[in-house]
Amino acid sequence: MQPLLMLRPAQHEGARVTMRRILKRAFFDRPTLVVAEELIGKFLVRERDGVSRASMLTEVEAYDGPKDKASHAFWGRTPRNAVMFGPAGVLYVYFTYGMHHMLNVTTGPEAYPAAILIRGVEGISGPGRLTKALGITRDLDRLPAAKATGLWFEDSGVVVPPRAIRRTGRIGVSYAGPLWSKRRYRFVWKA
DNA sequence: TAAGTGATCTCT
DNA sequence: GAGATCACTTAA
């Protein structure tokens with residue numbers, strides 16, 4: 001049986017008292033690709049009006065370092081992307097295509113620009129649809145991923161076998177050239 | 001396959 | 001301020 005079917009968000013609600021393990025900054029303060037792969041199978045928890053919803057992560061993309069041509073940080077620090085240059089475990093939410101909010105979480109050490117784009121959770125695929133479904137806007141930009149923020153990451157207890165995670169090139173970044181767009185920086189839980 | 005939408009950034 | 005661009009979605 002697939003782990004995906006063994007523990008669903010609804011069941012997590014009942015198990016939280018003994019299982020809650022919010023991912024701390026130290027989890028994100030590691031190499032971006034490592035964090036990205038380990039995020040698969042973790043919970044993304046969104047709390048609004050006292051109601052929390054946990055969604056299991058199924059798809060993420062890494063944007064790693066100043067040399068990553070597909071990264072917002074490649075052209076240097078700007079007001080928008082400054083948070084990528086800061087400490088790990090901070091939310092980076094930006095608006096694009098005139099209609100979509102994109103949710104990212106920063107990784108790696110201070111001054112090293114990197115973040116992970118949250119592309120999908122169980123039942124929702126596509127980064128724009130995800131933020132719309134969970135009510136994520138730029139109000140959350142620059143805030144730490146923590147309970148006080150209303151958005152955080154949590155260990156689920158699910159162990160995703162490495163062979164269940166497919167690595168592919170990143171989506172929509174062909175402008176960065178084949179070297180960077182084809183790098184296997186996208187992690188997808190192949191259920 | 002292309003329209004839609006608006007913030008962001010790079011020029012003037 | 002103008003113009004180009006954009007880590008996307010949807011309808012066709």
Side-chain angles (χ1 to χ4, degrees), chain A residues 23 27-42 44 46 53 55-109 111-145 149 151-153 165-190:
Chain A
L23 301 183
F27 175 87
F28 299 97
D29 196 4
R30 297 182 296 152
T32 310
L33 295 174
V34 172
V35 178
E37 180 157 16
E38 290 190 16
L39 273 178
I40 299 296
K42 298 291 192 293
L44 171 66
R46 175 68 167 133
R53 167 181 177 177
S55 312
M56 195 168 287
L57 289 165
T58 56
E59 182 181 350
V60 301
E61 265 180 14
Y63 290 84
D64 188 28
K67 294 177 182 174
D68 183 349
K69 215 173 173 183
S71 171
H72 284 176
F74 179 75
W75 294 272
R77 189 183 187 129
T78 67
R80 181 177 67 161
N81 68 23
V83 67
M84 292 183 74
F85 292 78
V90 179
L91 303 179
Y92 173 36
V93 182
Y94 66 89
F95 192 64
T96 192
Y97 292 111
M99 57 188 89
H100 301 301
H101 291 277
M102 296 290 123
L103 171 65
N104 304 252
V105 59
T106 62
T107 58
Y112 182 83
I116 295 168
L117 171 65
I118 307 302
R119 290 192 56 90
V121 296
E122 187 184 22
I124 309 173
S125 60
R129 301 182 66 182
L130 182 152
T131 53
K132 185 180 179 185
L134 299 181
I136 294 166
T137 69
R138 284 179 304 163
D139 292 346
L140 298 175
D141 188 33
R142 300 159 191 255
L143 297 177
T149 310
L151 186 75
W152 66 91
F153 298 87
I165 298 176
R166 171 173 292 179
R167 293 183 63 166
T168 78
R170 290 172 292 184
I171 304 299
V173 296
S174 54
Y175 62 85
L179 175 66
W180 288 100
S181 64
K182 289 184 179 176
R183 282 204 177 189
R184 304 288 191 254
Y185 279 14
R186 174 170 173 247
F187 297 82
V188 185
W189 189 350
K190 182 187 165 193

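Note on naming: letters A, B, ... go to the chains in the order of the sequence lines (proteins, then strands), and numbering restarts at 1 for each one.
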Seminar exercise, completed: Rounded to whole Å, the CG-P distance (A:Leu117 to C:dC6) equals 16 Å

Seminar exercise, completed: Separation of C:dA7 atom P from A:Leu130 atom CG, nearest Å, is 18 Å

Problem set entry | Below 4.0 Å: OP1/OP2 of B:dC9 and any side-chain N or O of A:Thr78 | yes

Exercise. So, is A:Arg183 close to the C:dA7 phosphate, meaning a side-chain N or O under 4.0 Å from OP1 or OP2?
Worked result: no

Exercise. Mind checking who C:dG1 pairs with, Watson-Crick or G-U wobble, both distances under 3.5 Å?
Worked result: B:dC11

Exercise. Is any side-chain N or O of A:His100 under 3.5 Å from a base N or O of C:dA7, one able to act as donor and the other as acceptor?
Worked result: no

Problem set entry | C:dC8 phosphate, OP1 or OP2, under 4.0 Å from A:Arg119 side-chain N/O | yes

Problem set entry | Closest to side chain of A:Arg129, choosing from C:dT9, B:dC9, B:dG6 | C:dT9

Exercise. Can the ring centres of A:Phe153 and A:Phe28 be said to be less than 6.0 Å apart?
Worked result: yes

Exercise. Side chains of A:Pro144 and A:Thr149: closer than 4.5 Å at any heavy-atom pair?
Worked result: yes

Exercise. Between A:Tyr63 and C:dA7, do the rings stack, that is, sit under 5.5 Å apart with planes less than 30° off each other?
Worked result: yes

Exercise. Do the side chain of A:Tyr97 and the base of B:dA7 come within less than 3.5 angstrom through a donor-acceptor pair of N or O atoms?
Worked result: no

Problem set entry | Distance, rounded to the nearest Å, where A:Asp139 contributes CG and B:dA7 contributes P | 14 Å

Exercise. How long is the line joining CD1 of A:Ile118 and C1' of C:dA7, in whole Å?
Worked result: 12 Å

Problem set entry | Partners meeting side-chain contact (heavy atoms from CB on, under 4.5 Å) with A:Ser181 (sequence neighbours left out) | A:Val173

For this session: Mind calculating the distance between CG (A:Asn81) and C1' (C:dC6) to the nearest angstrom?
Result: 14 Å

Problem set entry | From B:dG6, B:dC9, C:dC8, nucleotide with atom closest to A:Pro127 side chain | C:dC8

For this session: For A:Arg170 and C:dC6, give me the distance from atom CZ to atom P, rounded to whole Å.
Result: 14 Å

Exercise. Between B:dC9 atom P and A:Tyr175 atom OH, what is the distance in whole Å?
Worked result: 13 Å

For this session: Starting at atom CG of A:Leu91, determine the distance to atom P of C:dA7, rounded to an integer number of angstrom.
Result: 19 Å

For this session: Flag yes if more than 12 heavy atoms outside A:Arg166 fall under 6.0 Å of its CZ atom; otherwise flag no.
Result: no

For this session: Report which part of the nucleic acid A:Met99 touches: base, sugar-phosphate, or nothing (heavy-atom distance under 4.0 Å, all strands).
Result: base

For this session: Salt-bridge test for A:Glu61 and A:Arg170: reply yes if a basic N is under 4.0 Å from a carboxylate O, no otherwise.
Result: no

